[in-house]
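Taking it in order: structure first as structure tokens, then the write-up.
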Amino acid sequence: MAGMDADTIVRAALALLKEEGLAGVTFRKLSASLEVKAPAIYWRFRDKRELLDAVADALLRETLGEPRPMPAGSDWRRWYVELLHRLRRAMLAYPDGARVVAGARPPHTPTLACIPEYGLRAIEASGRPLPEAAAIVYTALHYTFGHVIEEQDSADAEPTTGFARRYPTVARAMTEAGRLSLTPDAIFAAGLALIFEDR
């Protein structure tokens with residue numbers, strides 16, 4: 001039992017996440033996938049939340065690697081916006097990836113914790129006070145999480161005729177976005193531009 005490797009369990013959980021989404025990541029399915037009894041998993045992870053923290057960290061590392069502070073002489077806006085684009089790509093790589101990462105606890109998910117830490121350092125180093133840096137960083141992070149959750153939850157959503165009658169302005173905005181061929185990438189970038197515009 002003690003010999004079950006934590007990385008093996010996390011890789012199996014990532015495979016379940018890829019195949020079935022968050023609902024498919026259960027200790028029962030994980031035990032069946034690994035051909036072990038549940039106590040072998042509980043030996044490494046006390047509960048599902050602890051497992052999902054490890055899954056979130058592994059998911060982020062696949063795309064982000066080991067996050068590093070902003071290189072000296074870089075433009076903090078450009079650098080942090082690119083980091084957030086990479087965060088979005090990491091979460092989009094798995095069904096419900098944004099829900100897994102947004103629900104992770106930063107003290108138990110070091111890769112996630114680095115994202116606000118290095119952002120705060122970079123903005124503060126530019127001369128902004130820490131409260132202002134925090135407002136920018138956490139607004140951008142929450143926007144990124146919410147945007148990707150929306151992308152993943154409503155990928156196939158199309159407004160119905162009834163919806164368009166009740167909410168004509170929303171329907172027109174959606175139609176206009178489609179007419180302009182605005183991709184999710186472009187919409188995400190536009191939102192970040194609003195958050196990071198120079199005040």
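Everything numeric in this text was worked out from a predicted model, so none of it was measured.
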Flag for Y94-Q152: side-chain donor and acceptor within less than 3.5 Å: no
I123 and R77, any side-chain heavy atoms less than 4.5 Å apart: no
Expected output: side-chain Y80 to main-chain M70 donor-acceptor under 3.5 Å: no
L17-I149 co-clustered via ILVMFWY side chain contacts under 4.5 Å: no
Heavy-atom donor-acceptor pair, H147 side chain to Y143 backbone, under 3.5 Å: no
Non-neighbouring partners of R68 that pass side-chain hydrogen bond (donor to acceptor under 3.5 Å, both in side chains), sequence neighbours left out: none
More than 12 heavy atoms of other groups within 6.0 Å of R105 CZ: yes
Close side-chain approach of L22 to L52, heavy-atom, < 4.5 Å: yes
Contact check, side chains of E20 and K29, non-hydrogen atoms, under 4.5 Å: yes
Closest non-hydrogen atom pair, T139 against A135: OG1-O, 2.6 Å
Pairwise side-chain contact, W79 with Y118, heavy-atom cut-off 4.5 Å (strictly under): yes
Validation row: V25, D96 side chains within 4.5 angstrom (heavy atoms): no
Side chains of D153 and R99 in contact at under 4.5 Å (non-hydrogen atoms): yes
Exam field: side chain T109 to backbone L112, donor-acceptor pair closer than 3.5 Å: no
Gap separating the CZ atom of R86 from the CG atom of L60, nearest 0.5 angstrom: 10.5 Å
Donor-acceptor pair, side chain of K18 and main chain of A13, under 3.5 angstrom: no
Nearest atoms (heavy-atom pairs only) where L87 meets L64: N-CD2, 3.9 Å
Pair R44 + D5, salt bridge at N-O below 4.0 Å: no
Side chain proximity check, L30 to L51, heavy atoms < 4.5 angstrom: yes
From CZ (F145) to OH (Y138), nearest 0.5 Å: 10.0 Å
Main-chain N/O of P71 paired to S74 side chain as donor or acceptor, under 3.5 Å: yes
Which atom of L14 lies closest to which atom of A58, heavy atoms considered: CD1-CB, 3.9 Å
Ring centres under 6.0 angstrom apart (F27, Y42): yes
Transitive ILVMFWY side-chain link L141 to I195, under 4.5 Å: yes
N/O donor-acceptor pair under 3.5 Å between E117 side chain and A113 backbone: no
Any R128 side-chain heavy atom under 4.5 Å of I136 side chain: yes
For K37 against S31, the heavy-atom pair lying closest together: C-OG, 4.0 Å
